[in-house]
Asker: 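My questions will all concern the structure given below.
Values reported hereafter were calculated over all heavy atoms of this structure, with side chains retained and with hydrogens, waters and symmetry mates removed. Numbers restart at 1 for each chain; the letters A, B, ... are given by sequence-line order, proteins then strands.
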Amino acid sequence: MKNMPWDEDLWQRLKDAISPMPPFVRQRALRTLIEAGETFARERGSEVVQEEDLIKAAKTKTPALTRQRMLDALAEMGIGVEAAEETK
Amino acid sequence: MKAAAPTLVSFAVTRECNLKCKHCYSQSVDSPHPRELNTAEAKRLIGQIAEAGAHLIILDGGEPLMRPDIFDLVRHSQSVGLTTVMGTNGTLITAEVAAKLVEAGIQALAISLDGADEETHDAFRGVEGVWEQTLRGIENVRQAGIPFQIAPTLRHGRWEQWGAIADKAKEWGATAVEVFDYVPVGRGEEYPEFEMTVEERRAFVREYIARQRAEDEMVYRCVALPQFWVEVEKTVPEDEVLTKFVRSCCAAGTRYCCVLYEGTVYPCMVLQEKAGDVREQSFVDIWQKSEVFQILRDRDRLEGKCGRCDYRYICGGARCRVYAKTGSLTAEDDACWFSEEELKR
């Protein structure tokens, strides 16, 4: 699924965050986040996907209807807590 | 920090039930609770659950189809934007009831089946002939085109039947099997002997994992057995974990809670520590501010082995079982089969 290295801890937390989702929803969400996260990492010249890339991906590429839920799920695992709060 | 919205909330709409299940967490009987929320109160609560940001509501009981205004509540729940599903014993679902459920907008049903044969199911459900009635109900649900899952409860000495139940569920066209580990709460307190041993739980989890790995269509979930996810992570390749397995617990107070027919809010149907009362406080307030929920959300407050565990934010131990045994929300789960070393990630 991944096409470039991810921060190991971030990848684990992302997997934890999406693990309660039904598999078909999760696969779609994961594909979107991976693709966008890796694009954002490359754009800022990084060879590794970091938290800021994932947060940006979640905030800009997740459909509006499910965005808050995704940010909450990430925040539950300690990713981008501020981002989840800002949007509430 | 403001609480994240609940993913799902179950609302036990009535205490009334036509069965006498030995494990009934809500102590259901053949009459409604004298202080049961009336239609207006139930609709107000459903509105508040939507306002709290929940995505899905499970209407259960008791037997929800015993409640005369149930179709109205389903319609209302739909109208406020909640994905609406129902937990039922299936015995009252005639073709006409199934059609009414479709018309009201029900999106899925969870039907309890506690044995792979008539004898086992009827004995546990406390009424003879229930197996036949449940199977008729399932057929009517199938004919009406309502997606459904089968929900067995695992118990000591009989847990191995779950595989045969899952086979039947697949044959009948169920979309999922949601397995409940028996927790001795409610009427179940009278039957502690039904609780599985640690060895049985571990054997079940291994079987469950093997079955899910071999399955491409059916989804399995298990409730009140959060250690299963640790076993999944340790034994299943990452790509399969991501595409096949669902971490369904423990979400008590973090992504899920339960409201009883008379307004009491619990973190979970089997974790019966009162978090609030919707007649005294709005559901939104209870969800966001209840001390009970705050404790459960902060897994750094867990004690002993659970507190030291690297998986505490995805497992956290079976809080329901710990609470039933010790009265503590944070004590360690002594039924965890992993060594401290294995709990390092």
Asker: With a sphere of 6.0 Å drawn around NZ of Lys305(B), does it hold more than 12 non-hydrogen atoms of other residues, nucleotides or ligands?
Answerer: yes
Asker: Between Val241(B) and chain A, with a heavy-atom cut-off of 4.5 Å, which part of the residue counts as in contact: side chain, backbone, both or neither?
Answerer: backbone
Asker: Could you tell me whether a side-chain N or O of Arg26(A) sits under 3.5 Å from a main-chain N or O of Phe245(B), the two making a donor and an acceptor?
Answerer: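 Between the backbone of Phe245(B) and the side chain of Arg26(A) there is a qualifying donor-acceptor contact (under 3.5 Å).
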Asker: Report, as yes or no, whether the 6.0 Å neighbourhood of atom NZ on Lys289(B) holds more than 12 heavy atoms from other residues, nucleotides or ligands.
Answerer: no
Asker: Tell me whether the count of non-hydrogen atoms from other residues, nucleotides or ligands lying under 6.0 Å of CD in Glu35(A) goes above 12.
Answerer: no
Asker: Under 4.5 Å heavy-atom distance to chain A, tell me which part of Thr7(B) shows up: side chain, backbone, both or neither.
Answerer: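 It is both, since atoms from each part get that close.
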Asker: Sort Arg255(B) into side chain, backbone, both or neither according to what part of it lies under 4.5 angstrom from a heavy atom of chain A.
Answerer: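 When you check distances to chain A, only side chain atoms of Arg255(B) fall under 4.5 Å.
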Asker: Measure the shortest side-chain to side-chain distance between Met1(A) and Asp239(B) over non-hydrogen atoms and say whether it is less than 4.5 angstrom.
Answerer: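 Contact flag for Met1(A)/Asp239(B) side chains = no.
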Asker: Determine which residues belonging to residues 2-21 of chain A lie within contact range of chain B, meaning some heavy atom pair is under 4.5 Å apart, and list them by number or answer 'none'.
Answerer: Trp11(A), Gln12(A), Lys15(A), Asp16(A), Ile18(A), Ser19(A), Pro20(A), Met21(A)
Asker: So for Arg299(B), is it side chain, backbone, both, or neither that comes closer than 4.5 Å to the heavy atoms of chain A?
Answerer: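 Contact with chain A is absent: no heavy atom of Arg299(B) under 4.5 Å.
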Asker: Which heavy atom in Ala5(B) sits nearest to a heavy atom in Asp72(A), and how many Å separate them?
Answerer: N-OD2, 3.5 Å
Asker: Could you pull out the closest heavy-atom pair between Gln27(A) and Thr243(B), with the gap in Å?
Answerer: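 Heavy atoms of Gln27(A) and Thr243(B) come nearest at NE2-O, 3.4 Å.
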Asker: What parts of residues 38-49 of chain A touch chain B if we use heavy atoms and a cut-off under 4.5 Å?
Answerer: none
